2 protein chains.
Amino acid sequence: MTANLAIDLDRSSPVPLYFQVAEQISEAIRRGDLPPGSRLDNEILLADRLGLSRPTIRQAIQYLVDKGLLVRKRGVGTQVVHGQVKRSVELTSLYDDLRRAGQEPATRVLSLESLPAEEEIAAVLGVPPGTEVLRMERLRYAGGEPLALLHNWLPSGLAPLAAESLQERGLYELLRSAGVRMRVANQRIGARAAGATEARLLDERRGAPLLTMVRTTYDDQGRAVEHGSHVYRASHYSLEVTLIER
Amino acid sequence: MTANLAIDLDRSSPVPLYFQVAEQISEAIRRGDLPPGSRLDNEILLADRLGLSRPTIRQAIQYLVDKGLLVRKRGVGTQVVHGQVKRSVELTSLYDDLRRAGQEPATRVLSLESLPAEEEIAAVLGVPPGTEVLRMERLRYAGGEPLALLHNWLPSGLAPLAAESLQERGLYELLRSAGVRMRVANQRIGARAAGATEARLLDERRGAPLLTMVRTTYDDQGRAVEHGSHVYRASHYSLEVTLIER
DNA sequence: TGACCTCATTTGTCAGGACATTATGATGTC
DNA sequence: GACATCATAATGTCCTGACAAATGAGGTCA
């Protein structure tokens, strides 16, 4: 039962020790060296063997517990979780998701303009009404077929966004590379029947079920960096969400 | 700028000190004593004033950072996040949500039986095919109107579930009070048009848009404790999800 | 045999200290 | 006046040490 995993530490590295430990345990789990249900050595022993202190080991383990890879029980020990839970809780955009799934996404920019914010949008973005904001409308394709109609509002000046770059990359990717650090997103997901315009753009019949998502994304500081109102063809797309409770 | 908040500590309480601190800071934020953007005193000062050690204070702050209430920046300090992000990332059930919203939920149990698991359900629940599992079908009302059609499968023996108790309480609540500790949930959310049976039960027209959710919930150990396939009236309900990235 | 108690094991909490790293504003120089 | 440099302040990392609390297993006693 003793997990005999080898962990190399590089004390001269700028990477924190607890992180090095966490990464290597995580790798061992991924590789199958630590099968689900197997017990880790206790914290004291681990600390001793690696020449680290117990708090450092605890920090590493805590990190993996938060990610949902390990389970701790007082008086029992630390175990690798049973079962294969999908661990994707990341803040991703549709574009990233599609490309990761090998779907070859494409984007048509229908409009991209700067205009004074209306009351509602201003409130959501946390700027005074009338402030210039960026509004864009995009049609997203996957595998040659229309998939979603995307409507976004952003505070202007956040990132230089041109129609050309929006056609080649996802919005999230562009924001991230402009140094915007997104951290929290609030999403409301619903459904409704397609109107005439939407139906035409998405190649669906009027009244076809559409999945709707209204999302506001906030950065580090809790400032809104993006607000979107999207509709997806329900016949071609569904959303996946993983919740982890601490 | 100095946050002059009073924090009472009860060292004789079984509640951990770091948690007492976290709770009271959280309360101060909720009350508005600590407005968004305001800076907390630095860790050393806080520790000193409360008569605690720095690690304890750090643990309290870290807890709130993870919950998305605070933001830390090295060299700068700790601030309350700007903006009012909804902070409900809990593992909740429809019943809890409705009752919290004051909607007076009701449930009609359409069926409740134990039967051998089919291939697909067995795979999802992680039991051998043919194992006895609990299957239930419920109709959920809010404010006197039908709202959702709920289909669930559970490993049998988890909790004693009777039709009567299911009519009065939510499934999650019953599971929790039976000692089941739910920790991770994987949800797939989509939409589709209502079929004839669904339409009749939900008081909608055929073809009306429905929101669909397929969810599997796992416990501490990563064992599946519940699998559900639900449809909601899109005209009356939408889902809200908050993502926090660490 | 079965219920209860005790005890070893393991994680949870907390203290106090040291040094590293990073962001910011002040200072000084060109 | 613009830019580079430096001091300061704050969090990040890591250490040692100690005791508390929960769990599960084994032994004891009726």
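Here is how names work: the chains are called A, B, and so on, in the same order as the sequence lines, proteins then strands, and each is numbered from 1. Predicted model only: the values in this text are computed from it and were never measured. The basis for the numbers below is simple: all heavy atoms, side chains too, and nothing from hydrogens, waters or symmetry mates.
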Would you tabulate the nitrogen or oxygen pairs shorter than 3.5 Å linking the protein to nucleotides 8-11 of chain D?
from: D:dA10; atom 1: OP2; to: B:Asn42; atom 2: ND2; distance (Å): 3.1
from: D:dT11; atom 1: OP1; to: B:Thr78; atom 2: OG1; distance (Å): 3.1
from: D:dT11; atom 1: OP2; to: B:Glu43; atom 2: N; distance (Å): 2.9

For DNA chain C, which residues of residues 12-25 of chain A approach it to below 4.0 angstrom with any heavy atom?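 Residues of residues 12-25 of chain A under 4.0 Å from DNA chain C: none.
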Can you check whether [Y]'s main-chain N or O pairs, donor with acceptor, with [X]'s side chain at less than 3.5 Å?
X: B:Gln79; Y: B:Gly37; answer: yes
X: B:Gln24; Y: B:Asp8; answer: yes
X: B:Gln20; Y: B:Val15; answer: yes
X: A:Asp219; Y: A:Arg223; answer: yes

Whole-Å distance separating the [atom1] atom of [X] from the [atom2] atom of [N]:
X: A:Gln62; N: D:dC14; atom1: CD; atom2: C1'; result: 17 Å
X: B:Asp48; N: C:dA15; atom1: CG; atom2: P; result: 12 Å
X: B:Gln59; N: C:dA15; atom1: CD; atom2: C1'; result: 12 Å
X: A:Leu70; N: C:dT10; atom1: CG; atom2: P; result: 16 Å
X: A:Ile57; N: D:dC14; atom1: CD1; atom2: P; result: 10 Å
X: B:Arg11; N: D:dA20; atom1: CZ; atom2: C1'; result: 14 Å

Residues in salt bridge (charged side-chain N to carboxylate O under 4.0 Å, His left out) contact with B:Arg140, at least two apart in sequence or another chain: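 Scan of B:Arg140 (salt bridge (charged side-chain N to carboxylate O under 4.0 Å, His left out), adjacent residues dropped) gives none.
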What pairs meet the salt bridge (Lys or Arg N to Asp or Glu O under 4.0 Å) rule with one or both residues in residues 151-160 of chain A, with sequence neighbours excluded?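 Output for this query is empty, none listed.
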Residue pairs meeting salt bridge (Lys or Arg N to Asp or Glu O under 4.0 Å), one or both in residues 114-127 of chain A, sequence neighbours left out, come to none
Under 4.0 Å between a side-chain N or O of B:Ser53 and OP1 or OP2 of C:dG17?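 Indeed not, no polar side-chain atom of B:Ser53 lies that close.
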Does a donor on one side chain sit under 3.5 Å from an acceptor on the other, for A:Ser114 and A:Glu132?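 On atom types as modelled, these side chains qualify, holding a pair under 3.5 Å.
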Please give me the minimum heavy-atom distance between B:Thr216 and B:Ala224, naming the atom from each residue. CG2-CB, 4.2 Å
Does B:Arg30 pair with B:Glu27 as a salt bridge, N-O distance under 4.0 Å?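 Judged by the 4.0 Å cut-off on N to carboxylate O distance, B:Arg30 and B:Glu27 do form a salt bridge.
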Take the C1' atoms of the five end pairs on each side of the helix from C:dT1-D:dA30 to C:dC30-D:dG1, get both axes, and report the angle to 10 degrees.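 Comparing the first five pairs with the last five, the axes sit 10° apart.
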Could you tell me the separation between the CG atom of B:Leu112 and the CD atom of B:Gln167, rounded to the nearest 0.5 Å? 10.0 Å
